[in-house]
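Beneath this line is the structure, given in structure tokens, with notes to follow.
Hydrogens, waters and symmetry mates play no part in the numbers below; they use all other heavy atoms, side chains included. Start at 1 and go down the list; that is how both ligands and their atoms are numbered.
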Amino acid sequence: MWSYQHSNFQVHQLPALNDNYIYLLEAKASHILAVIDPADASIVNQACQQLNKPLTHILNTHHHWDHTDGNKALKQRWDCIVVGAAHDAERIPCIDVKVSPEQPFQLDHLAVDILDVGGHTLGHIAYVFDDALFCGDALFGAGCGRIFEGTFEQTWQSLQRLAQLDDDTKVYCAHEYTLPNLRFARAVDANNEALKERIHRDTQTRMQQKPTIPSTIAIEKSTNPFLRPLNTDFCMQYAQKHAIDNTPLTVFRHLRQAKG
Ligand code: ZN
Ligand code: FE
């Protein structure tokens with residue numbers, strides 16, 4: 001378990017399954033202990049025991065099993081409140097509170113922004129607590145989720161929305177995919193100095209068996225190939241090389257298809 005300090009809470013990061021991360025958000029001034037995307041109930045139970053606190057909430061970013069599999073067992077054990085997107089209410093096990101993007105939401109005293117990050121799935125949402133972003137499979141370290149249900153347009157909208165967050169926002173995504181993603185990034189963005197630095201840094205981090213996550217919005221904007229279309233020079237160069245239109249959406253679509 002790795003822990004990160006924010007002013008009003010701590011975030012605990014728990015590795016699960018092959019490459020998932022489960023997050024626990026532990027408030028400093030209240031009893032709130034919320035889990036984001038519990039892939040595995042037993043790992044969460046162990047962490048609650050270690051912290052010596054009962055679980056109060058489950059927050060799901062989307063309905064995929066590797067983000068919701070722990071819902072039922074955790075609900076039974078802790079009688080906690082399950083929060084998910086109204087759009088996906090029938091696909092999220094044991095949902096109690098149905099939330100919608102851009103509507104105000106509070107976890108006790110903690111204000112939460114709910115963002116629509118549809119694309120990977122239609123009802124995918126992200127939760128923003130102050131400077132902590134929980135984005136599930138919408139954005140990864142140097143990558144983004146596959147588009148299973150939405151359109152390229154919708155996914156590009158979602159990524160642009162995330163890019164508007166403050167630069168120092170910590171990106172707590174749900175998978176450790178960073179190194180393979182960086183190999184693709186290097187192939188399509190070879191002259192990017194920030195990317196070279198990140199490859200060096202994250203490779204060292206993984207050699208020490210530490211997580212490359214959280215990254216920050218600033219790091220993703222400068223190195224994530226699926227946010228690079230926000231940069232006009234990048235679009236021009238990429239479009240020229242592949243003989244496509246240099247609009248950000250066209251460049252994004254080409255990149256997402258090239259990644260496979
Ligand atoms: Zn997913
Ligand atoms: Fe996933």
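The shortest distance between side-chain heavy atoms of Tyr23 and Leu59 does not fall below 4.5 Å.
Minimum interatomic distance between Phe105 and Ile114 (heavy atoms only, all atoms of both residues): CD2-CD1, 4.0 Å.
Note on Glu220 versus Arg198: salt bridge recorded, some NZ/NE/NH1/NH2 to OD/OE distance being below 4.0 Å.
When the side chains of ILVMFWY residues are joined at heavy-atom separations under 4.5 Å, either directly or via intervening members, Phe152 and Phe234 end up in a single hydrophobic cluster.
Of all protein N/O/S atoms, those lying under 2.8 Å from the Fe ion (ligand 2) come to 4.
For the atom pair CG (Leu24) and CD (Gln10), the distance works out to 10.5 Å, reported to the nearest 0.5 Å.
Lys196 meets the side-chain contact (heavy atoms from CB on, under 4.5 Å) test with Glu193; sequence neighbours excluded. With sequence neighbours left out, Lys221 forms a side-chain contact (heavy atoms from CB on, under 4.5 Å) with Ala163, Asp167, Ile217, Leu227.
Classified by interplanar angle (parallel below 30°, tilted 30° to 60°, perpendicular above 60°), the ring pair His64/His67 is tilted.
Counting only distances under 2.8 Å, and ignoring water, the protein N, O or S atoms around the Zn ion (ligand 1) are His62 NE2, His64 ND1, His120 NE2, Asp137 OD2.
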**OP:** Using the side-chain hydrogen bond (donor to acceptor under 3.5 Å, both in side chains) rule, take Gln13 and Tyr4 through it: C-alpha gap first, then chi angles, then the decisive distance, then the call.
**Re:** CA-CA 8 Å; Gln13 181 180 38; Tyr4 309 91; 2.5 Å; yes
